[in-house]
2 protein chains.
Amino acid sequence: MMKDEIMTTMSNRYQADAAKNRPTMRHVAALAGVGIKTVSRVMNDEAGVSEATRKRVLSASQQLNYQLDMAAGSLRRSGRQTLSIGLLLPSVSNPFSSEIHRALEDTLAARGIAVFAASLDDDPEREKALVAAFLGRRVDGLVLTPIAKSQSYVIPEHSRDLPMVFIDREPVGIEADAVVTDNAVGAAKAAAHLIAHGHTKLAYLGDRADIQTARERKRGFVEELGRAGIATSAVPVIEGLHDEESACQAALGLLRSEDPPTAVFSSQNLVTFGAMRALKELGASRRVALVGFDDFTLADMMDPGITVIAQHPERIGKLAAERLLARIDGDDSTPQTYVVPSELIERGSGELRPR
Amino acid sequence: MMKDEIMTTMSNRYQADAAKNRPTMRHVAALAGVGIKTVSRVMNDEAGVSEATRKRVLSASQQLNYQLDMAAGSLRRSGRQTLSIGLLLPSVSNPFSSEIHRALEDTLAARGIAVFAASLDDDPEREKALVAAFLGRRVDGLVLTPIAKSQSYVIPEHSRDLPMVFIDREPVGIEADAVVTDNAVGAAKAAAHLIAHGHTKLAYLGDRADIQTARERKRGFVEELGRAGIATSAVPVIEGLHDEESACQAALGLLRSEDPPTAVFSSQNLVTFGAMRALKELGASRRVALVGFDDFTLADMMDPGITVIAQHPERIGKLAAERLLARIDGDDSTPQTYVVPSELIERGSGELRPR
DNA sequence: CCCGTGCCTGACAACGATGTCATGCATCAT
DNA sequence: ATGATGCATGACATCGTTGTCAGGCACGGG
């Protein structure tokens, strides 16, 4: 009787407290009349708790709406995992990036791992700052698109076995796993495709040369010209195009020149859009061939459809996640670069022949 | 001499240890020859540390590559903030969602807040599971696109003052801030626009009726018909379209019927794409008017350009972030729904007149 | 009846940090 | 000279959890 009264009072007090502040194991333990270690065992599905006790604890925890504090747990837990990783992308709103993000998320979600995502905007300083921010939150791993000149600043962490996978671009100054597209090969395929359709007067519209993938694509394109015996000097190569507007202007300049190209290769999404706009403005969409690097929504709905070298962001994301999980699980084999092949998709614009 | 030797030995031992395991404040303190509380003060830029000591600590922490453990800190710190929030979207790879994500990130980054992002795929169960997962990581707040029938399951957290902002759709069963587009108004604008261009034979292609925004858009569209005196019974309303393929089939069915509509309104991105494809297939792009809800990349490059009711995801994201920050800072005013106006953008397809 | 063997269980320290508070020391007004 | 004041500093408890370990209890065999 007396004891029941005390129990009731106590449970009321704990319930009232737990409604305002967040309940802890102590609250649950008090309400269930057990020690907190037993609550811990139940919450973690550990063996060695009688069925009766388990039920009492579960009921108490539901009553209080208790939730395990992962942060506190991972502080003490051996292995110290937080079940969260950091993802650094050029921008979370970039379609290519967000496809990677999605694939990564799906693969990691199966293991209960949450993803911190952030945008770098191709700013090396942000890269370092955000890596630090994620490390301070004790992520279990890092997936990032590097932009800084060197990633040697993460060597201390990397040598402490922080799992790390680079995507889209390979790291510099550190040996770590990377998952990339075959940029040079893809660009070469584009050049070969145009040449096979009779073009010799090609033009190259490219992104900023400080971006590794842009350099690779240019290299692949130019090398293919060489193989085909086309004088590089006869092919205008414009670099430094980072948005639609500048690409459009560059394309307009080319197309209005005395001896305009009959085929254009654009090294990236936004550049392709700029080129398309220029062609449309000049009414040349059905006259000048176009192949763009990167696939995009509605490419098949354009007139003509736009032929592209498609990357496979979902494969990149999935592979990166798998590599990261392997590293988290202790794989310590030599870091490797994994290449995801690109794919040429014919839609019309790339199959136009010169007049 | 003796003392120096010991110091050196100690510092070596700590350095070796710190190179393998992650260094803690204890390591830094030992190396700098101070107490850990002093290290804490330096790392948190607290006042009351002499310049000389501060320098010693800073130098030691750099030498060890020390980084503050935010998780451990927030365990003890009053207020208990983790400087991270959870963001739940239909999909991180959905362009509309990822624009919101980006705007949110930018606003929160200024305060050093990191963002956990996850995709719901319109699955109520995932919504609950992911909310729980984020709560277990002790996020400082939650921003989410609700899909479950009711959000009452978060009431316990919400009443414990967990900041929460709903975006795109309003919550059910709980009073909380929300940031939404004026869906009904936008759809009504579309209807009015088509009617103003002489159409009376309209058609509505809509998303699944269990999605709040879809219902609102339909309501706005139908109400506008009423205002214009057009018999609702004469206007085909097709719902339940959730992807491009089903929308295309539905549109084809309509357009091939005996008395086809002269104008189509599509309630969402993918449905618009389906409608566009159907129109193209029938060669009716320049004959049947089309207005779509949601703006999209290249809409102006289509032939004709696609007239849309544009939402403003960047404004939604920014506003949601601002509301969340206000709540985090203690604002406890009555929850409110903030409406971000949509905007009709004329591009050609919506201005076609009936024959 | 006693002791070994499991099975449940909880007390306690520890994880890495911060809040509180007491201490030592130099400085200053009286 | 003396006590008051302020600054710099570190000892210690603590946040919510988990690892370790020892204790209690029931059971069974000798």
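Each chain gets a letter, A, B and so on, in the order the sequences are listed, and its residues count up from 1.
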For [X], give me all partners under side chain to side chain contact (heavy atoms under 4.5 Å, CB included), at least two apart in sequence or on another chain.
{"X": "B/Ser59", "result": "B/Gln63"}
{"X": "A/Arg54", "result": "A/Val42, A/Asp45, A/Val49, A/Glu51, A/Leu58"}
{"X": "A/Asn44", "result": "A/Ser40, A/Glu46, A/Leu68, A/Arg77"}

> Contacts to DNA chain D from residues 69-76 of chain A, heavy-atom cutoff under 4.0 Å, which residues?
Replying inline: A/Asp69, A/Ala72, A/Gly73, A/Leu75, A/Arg76
> Going 5' to 3' on DNA chain D, which nucleotide is the first and which the last to come under 4.0 Å of a heavy atom in chain A?
Replying inline: D/dG16 to D/dT20
For [X] and [Y], which heavy atoms make the closest approach, and how far apart are they?
{"X": "B/Leu324", "Y": "B/Gly141", "result": "CD1-CA, 4.3 Å"}
{"X": "A/Ser152", "Y": "A/Pro156", "result": "O-CD, 4.1 Å"}
{"X": "B/Ala32", "Y": "B/Arg56", "result": "O-NE, 2.9 Å"}

>> Working to the nearest 0.5 angstrom, can you tell me the gap between A/Ile328 CD1 and A/Asp140 CG?
In response: 5.5 Å
>> Quick check for you: to the nearest 0.5 Å, what is the distance between B/Phe166 atom CZ and B/Leu144 atom CG?
In response: 4.5 Å
>> What contact category does A/Leu68 fall into here, base, sugar-phosphate, or nothing, at under 4.0 angstrom with non-hydrogen atoms?
In response: sugar-phosphate
> Looking at five pairs on each end of the helix from C/dC1-D/dG30 to C/dT30-D/dA1, what is the angle between the two axes, given to 10 degrees?
Replying inline: 60°
> Do any pairs count as a salt bridge (Lys or Arg N to Asp or Glu O under 4.0 Å) and have a residue in residues 166-177 of chain B, sequence neighbours left out, and if so which ones?
Replying inline: B/Asp122-B/Arg169, B/Asp177-B/Arg323, B/Asp177-B/Arg327
> Taking for each residue the nucleotide of DNA chain D with the nearest heavy atom, is it B/Val49 or B/Arg138 whose nucleotide lies nearer the 5' end?
Replying inline: B/Val49
> Just by distance, do the side chain of B/Thr107 and the backbone of B/Ala103 share a donor-acceptor pair under 3.5 Å?
Replying inline: yes
> Can you find a side-chain donor-acceptor pair between A/Arg102 and B/Ser91 that sits under 3.5 Å?
Replying inline: yes
>> We want to know whether B/Ser119 and B/Asp121 form a side-chain donor-acceptor pair, criterion being a heavy-atom distance below 3.5 angstrom.
In response: no
> Of all of residues 39-48 of chain A, which get a heavy atom below 4.0 angstrom from DNA chain C, listed by number?
Replying inline: A/Arg41, A/Gly48
>> Please enumerate all residues that pass salt bridge (charged side-chain N to carboxylate O under 4.0 Å, His left out) together with B/Glu127, with sequence neighbours excluded.
In response: none
>> Going by salt bridge (charged side-chain N to carboxylate O under 4.0 Å, His left out), name the residues that satisfy it together with B/Asp161, two or more places apart in sequence or in a different chain.
In response: none
>> Tell me which pairs pass side-chain hydrogen bond (donor to acceptor under 3.5 Å, both in side chains) where either residue lies in residues 64-76 of chain A, with sequence neighbours left out.
In response: A/Asp69-B/Arg138
>> For chain B and DNA chain C, what are the first and last nucleotides along the strand, 5' to 3', with at least one atom under 4.0 angstrom from a heavy atom of the protein chain?
In response: C/dG16 to C/dT20
